[in-house]
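Please read the structure below before turning to the comments.
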There are 4 protein chains.
Amino acid sequence: MERQTNKRKIINDPVYGFISIPDDFIFDLIEHPWFQRLRNIRQLGLAYFVYPGGNHSRFQHSLGALHLTTLAFQTLREKGIEITPEEEEATYIAILLHDTGHCPFSHALESTIIPNIKHEMMSLTLMKILNEQFDNRLRMAIDIFTGDYPRKFLHELISGQIDMDRLDYLRRDSFFTGVIEGSVGSDRIIRMLNVVDDKLVVEEKGIYSIEKLLVARRLMYWQVYMHKTVLAAESILVKMMRRARELTASNKPIFLTPAMEFFFKNNINDEDIQNKGDISAKTIVEQFTSLDDSDILVSAKYWKNSDDRILADLASRIINRNLFAIELQDTPFTEDRIEREKASAKRRYSLNDDEVNYYVYTNTVHHRVYSPNAPDVRILLKSGGTDNISNVSDMFNLDNLLTQRCKYYICYPKN
Amino acid sequence: MERQTNKRKIINDPVYGFISIPDDFIFDLIEHPWFQRLRNIRQLGLAYFVYPGGNHSRFQHSLGALHLTTLAFQTLREKGIEITPEEEEATYIAILLHDTGHCPFSHALESTIIPNIKHEMMSLTLMKILNEQFDNRLRMAIDIFTGDYPRKFLHELISGQIDMDRLDYLRRDSFFTGVIEGSVGSDRIIRMLNVVDDKLVVEEKGIYSIEKLLVARRLMYWQVYMHKTVLAAESILVKMMRRARELTASNKPIFLTPAMEFFFKNNINDEDIQNKGDISAKTIVEQFTSLDDSDILVSAKYWKNSDDRILADLASRIINRNLFAIELQDTPFTEDRIEREKASAKRRYSLNDDEVNYYVYTNTVHHRVYSPNAPDVRILLKSGGTDNISNVSDMFNLDNLLTQRCKYYICYPKN
Amino acid sequence: MERQTNKRKIINDPVYGFISIPDDFIFDLIEHPWFQRLRNIRQLGLAYFVYPGGNHSRFQHSLGALHLTTLAFQTLREKGIEITPEEEEATYIAILLHDTGHCPFSHALESTIIPNIKHEMMSLTLMKILNEQFDNRLRMAIDIFTGDYPRKFLHELISGQIDMDRLDYLRRDSFFTGVIEGSVGSDRIIRMLNVVDDKLVVEEKGIYSIEKLLVARRLMYWQVYMHKTVLAAESILVKMMRRARELTASNKPIFLTPAMEFFFKNNINDEDIQNKGDISAKTIVEQFTSLDDSDILVSAKYWKNSDDRILADLASRIINRNLFAIELQDTPFTEDRIEREKASAKRRYSLNDDEVNYYVYTNTVHHRVYSPNAPDVRILLKSGGTDNISNVSDMFNLDNLLTQRCKYYICYPKN
Amino acid sequence: MERQTNKRKIINDPVYGFISIPDDFIFDLIEHPWFQRLRNIRQLGLAYFVYPGGNHSRFQHSLGALHLTTLAFQTLREKGIEITPEEEEATYIAILLHDTGHCPFSHALESTIIPNIKHEMMSLTLMKILNEQFDNRLRMAIDIFTGDYPRKFLHELISGQIDMDRLDYLRRDSFFTGVIEGSVGSDRIIRMLNVVDDKLVVEEKGIYSIEKLLVARRLMYWQVYMHKTVLAAESILVKMMRRARELTASNKPIFLTPAMEFFFKNNINDEDIQNKGDISAKTIVEQFTSLDDSDILVSAKYWKNSDDRILADLASRIINRNLFAIELQDTPFTEDRIEREKASAKRRYSLNDDEVNYYVYTNTVHHRVYSPNAPDVRILLKSGGTDNISNVSDMFNLDNLLTQRCKYYICYPKN
């Protein structure tokens, strides 16, 4: 990133070519340590165990989503939608910071390091503290982020069925993993956006692009995000962290970085985050923002030599990419099958009934084409009216879009 | 990376599409922890401070160079060059492992963590130990790597003016940084390769591609590898490591990961590496292969709170990307200028004469189009003979190619 | 295209990089005037009126489809499917020549210049005559092309739900028009192919790619092939040709190139093509193979100044890209609407009841995801069995795949 | 190209994604038949005989150059350079129309159909007549095109060492031929542009990009534009046209389209074009603008059956891509060699001394890195001053840049 003498800042991005930073305050936020931290948080967890190119960071993604938002505003203004300079900046702030609350390895460790706190809640907490630091300048951004701002399309650009977050991550994850079929035509889709009654709509001729977006998302979901080897790897990572937490809880000394120690020893909850608990939100954020992928990787290297043989084994599996076998299917695994695998693991590794649960386990993964909480995509018809895409497209029906696809997996040690 | 049921292994690569692993032994080496370690070593040091996309790993690059080598062999065989299956596998091994000896952040910390040992020497050490582990199966690979194997073109494919290492890194670094002008037509260049008298040559119609390769390399050099902000960042990283080493030497306790402690407390030298010193090569390698980028990043987070205010400040600059000012020019900086900057820094930060050297320093960077130790590129003329490219191309002359371009830089705290 | 001294022929292709011609006989067929003719036949009719980049030729597409077939054979052989050298060459011949029977502007004029003869029938006729010229060397190719060869997968590679023809044209048309969302991951799909009982199957993990292929095809269909401005342009082209044919039939002299004269004055039918009619297949082919886009474009330039004001006007509209208005909808246009447009056109242009049909007309366009005559895509399950994709994918059901989507359009002069 | 309801027009371009048409008058010029004609003029002559993808049109290139000009203005304005709306539109007009004066197959037939008239002169003539049609609205565009407008940088954007014409054609020709090494980073170069004293300059950090541009141009020159097979093909095309012209001159009746007849029967000269001769500029332009690639291709198909066996043979060679052998070298061919080839051709084809010149001929091709008539590229130094690139870059010197590289070729019938 180079500051130019004339204060225009441009960042080279392999996906879009060049990204222009829209104003000085946005630039200051990018330079803030809490945003810089995202450089060391992998966007796709352990997907780089399967797709070596997929070790891009949340930092890049957040800048990309910001860039697409600038394009969306350009299109909407050309179509006569009025957006005030304050709304513009506030939306940029909200999209830029929307992922600052992510844990190391993003979704992979979301409920493991800080149970019960979702990353959106943490992002909001960071934004609130930044709002104090910057004299209330993030207030409108916070309202847009939470959906409280009356012009709903600004929130929908950040978080909706077709938001700039999703457009960027599909295109970017596709680009870096090399799964080119997951790519989406973000340019074309953005040019099809419009606003009716302060809500985001897609012009009718864009429906094929939307159809393709939904199918691309589905493909990326099963081919990358929930690739079975990724599932196997991330589940071991989670098991390793749980074991470490349990050992800490039972006062068995293991190596911990300061931030990890803080989160392992304190059970942070909603009240704390909202500054109504024992630990102040500022203290939590201070620890949280010093936590990134490197804490986990260094710990695993220490733990590989731990006295606790289960922690040692799980850590060594992560470090050396020596994963469990995994099977994925549409129906639950039978108790019988699970018991057989457990019996075999217990024998081979001399495990008791508790310990075997680190070696043999089942779980489910889900995907639905639509986010259940966001409204259906609205289409702006050539006739002038609007309608839901599930009424307009002959390819989809809403039932299908909202049905959750569920898959079951079992992990167990390879022979 | 997915193992296929029929034992064909294919890896998705965003640069080339798909990479096929040529045989089972190569696959086993890829799965070896010493190779897996490269996933956590950034190819371009701190270049991702300037080019956010440029945080790809040595792992990806090594696979890419392997892939290009398979293409080169395909082309050469189609042209009638005989390559035995042993030579083929040995060359694959050599190119795959050529970068396993890299320190964290690749070149950035090359002489800092293990002074006096170049990464090629460390790669060779690793290969020798692997050779023992694998019943001598790497012997020919080692000879090819060192240049001792009689058919020189095999070595030249790994390390020469136009080797597969260079073709991959230019194309890959260009791809991930988004500096598309640095891209090279690796496909075309490889198709222009041939072998005469066991030496690599380029067919005459390939000279324009070679010219373009050399110019692209020059562009990447100044625009990415030696970008002035990258220089500023990496020089702070080096200063931080030196400070940590000095504190360790004077028994001031600071956080160190086990591997870092080993290398800070032992001055490993050539004799050790060659198993003729006090510390066995195996011990060194064991520590070395557990050292990667995460050790440095976690240490910097600890050091940011160090009692030593210089270490604390340098670490905080790395973590928060708060860099020194840097100026780059074609002539040395005057003593006068340096003294002025030092005086100013001493005053502002209350530094003594020793300490100021962490804050104000000059250095040089060099680039020449040609590697000085490798022979000139040989061109296979349409007439059948061969000649040096500096005689054939009217664009270059050898003097120009071999002249070292030198630039001087000065770093000092921003106001 | 360059012949290399060592007889390896390589063609630069912007889509795939390099295309290798697999053997000398294939190269000779490429050099044959009947194949060279495809250089002057636009792949996408008048789509270049809307997408300026889309004026690529059938020549490129045919080479691309050949290239994908070489990749498919490579994959299938790696999976243990035996393919004899004769079968390999025969399949290459069949895919290479499958489009040689196309009229100028491909589908746009398919039933206009030679009514009642489909391009596949004409390609077959050309192949039969080439078979005589080349001592029966195309016999197996003809059997594969017609589907008579017992190993059905060879035919399916040329013409099926997922054939190399379709994979190339979707990717190529997407590339040249710039409608990047229509691109398909031909590499990945080909790597998922397998053969069971001599029939083509797709491995289970490829179903998301197949889903995406079908959606991409649908997108290309409505966004490019049946784009309403393309429909308007091609319908005028057809009307112009019909008017020219009628004038010729009623002995009104207009400019005609020799080949056009031949086809306008002779009503070629199935029997002729099969050498059972008055005009020999050889005579037809001789004329046919001298007919390409340039005949139509030059004729239109002559006709623009014709005494027949309707021909003159239609030709001038093609030359100057001055098209009719067009509307597209899901239901038929009412008689009333049509009559209103006709009445208006008659008044403005002083047309009689016959003539107005050149200015106001309705028609339909259809698309179904599946070709109705080819079997459902078979999926090779991980369990080892096979099943139809409509049973395996939860996104599609066969009814939906086979349902024909129909749209109605009306054209009339702009105000 | 789709008109959008809100009058913004966007064109899909495979090279840049989307091209926005800046205003309504520019859109009207694009719709003008004289600009639409460029759809049927191949950008690269007969280069598609070697690079099948290279049959893109002057239409696409002109739109691309327009697009880059809009980007250049955006950059320059962000840097504070004032450009009036009139200057902006005038520059767009000039770049859009700069190639309207091209003959069929662009440079290939430049001096053959209308000897002595360069395409720039013809473009200027068209612009002058359009200026009359459009009430003087092109006056400033004409001044910018001819270089008479005082703010020179506007002319330099259209025609200079680094103009938008060149940036587009290098990138576009590279894209369509698949010779990816010829690609240039137009985005980055444009962002490096600035204006000092109304002259175009490049900021210092852009010099590596400029170096790469010049090398890419050199590569495209020898690898595509002057590829020896292209030279062979285009020289036969020229010989065919000359033969046709001579036969016409000696009243031997051959097929000619109306426009070809006009130019073959009238020797248009500079005075005519300037409306000072016997034939009015309007008459010339009327004929000229109805002449495109299709005239040549259809004529060749007629001529293939001509009574004149030389015309018939040359035409058949073009139609069937049956070319002469060609050799290219750095020194002239000896008289002896030429005589030997001629003697052999005379014998084989029973040719007289005149006729043999259609079968055996030598010629030269030239390339210099710099256009000799434009000034050296000016670099805006970080220090604030400006200097010539040949002083700033250590890679080039001006002598080298201006030296004309000359190659000699000989064509003769293959055995």
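Note on naming: letters A, B, ... go to the chains in the order of the sequence lines (proteins, then strands), and numbering restarts at 1 for each one.
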Item to check | B:Phe59 ring center near A:Phe49 ring center (under 6.0 Å) | outcome: no

For [X], is it the side chain, the backbone, both or neither that has a heavy atom under 4.5 Å from a heavy atom of chain A?
X: B:Asp292; result: both
X: B:Leu291; result: backbone
X: B:Thr257; result: both
X: B:Val179; result: both

**Q.** Parallel, tilted or perpendicular: ring planes of B:Phe255 versus A:Tyr302, cut at 30 and 60 degrees
**A.** tilted

Is [Y] close to [X] at the side-chain level, that is, under 4.5 Å between some pair of heavy atoms?
X: B:Pro52; Y: A:Asp13; result: no
X: A:Arg37; Y: B:Ile319; result: no
X: A:Pro14; Y: B:Thr177; result: no
X: A:Asp293; Y: B:Ser294; result: no
X: A:His56; Y: B:His56; result: no

Practice task
Apply the test ring pair (Phe, Tyr, Trp, His ring centres under 6.0 Å) to residues A:Phe175 and B:Phe175: give CA-CA distance (whole Å), side-chain angles for both, the deciding distance (0.1 Å), then the verdict.
Solution key: CA-CA 10 Å; A:Phe175 180 88; B:Phe175 179 89; 4.6 Å; yes

All heavy atoms of A:Gln36 vs all of B:Arg321, minimum pair found to be OE1-CD, 3.1 Å

Distance col, row B:Asn40:CG vs A:Leu297:CG, nearest 0.5 angstrom, shows 5.0 Å

In terms of heavy-atom pairs under 4.5 Å with chain B, the winner among A:Tyr48, A:Trp34, A:Phe18 is A:Tyr48

Check: Under the side-chain contact (heavy atoms from CB on, under 4.5 Å) criterion, do A:Lys301 and B:Asp295 qualify, and how do the steps go?
Finding: CA-CA 9 Å; A:Lys301 286 194 285 186; B:Asp295 294 64; 2.2 Å; yes

Highest number of heavy-atom pairs under 4.5 Å with chain A among B:Gly17, B:Gly54, B:Ser290, B:Pro258 belongs to B:Pro258

Keeping the roles fixed (side chain from A:Asn320, backbone from B:Pro33), state whether a donor-acceptor pair exists under 3.5 Å.
-> no

Within the supplied structure, the quantity of interest is the number of heavy atoms (other residues, nucleotides, ligands) at a distance under 6.0 Å from B:Gln329 CD; does it exceed 12? yes

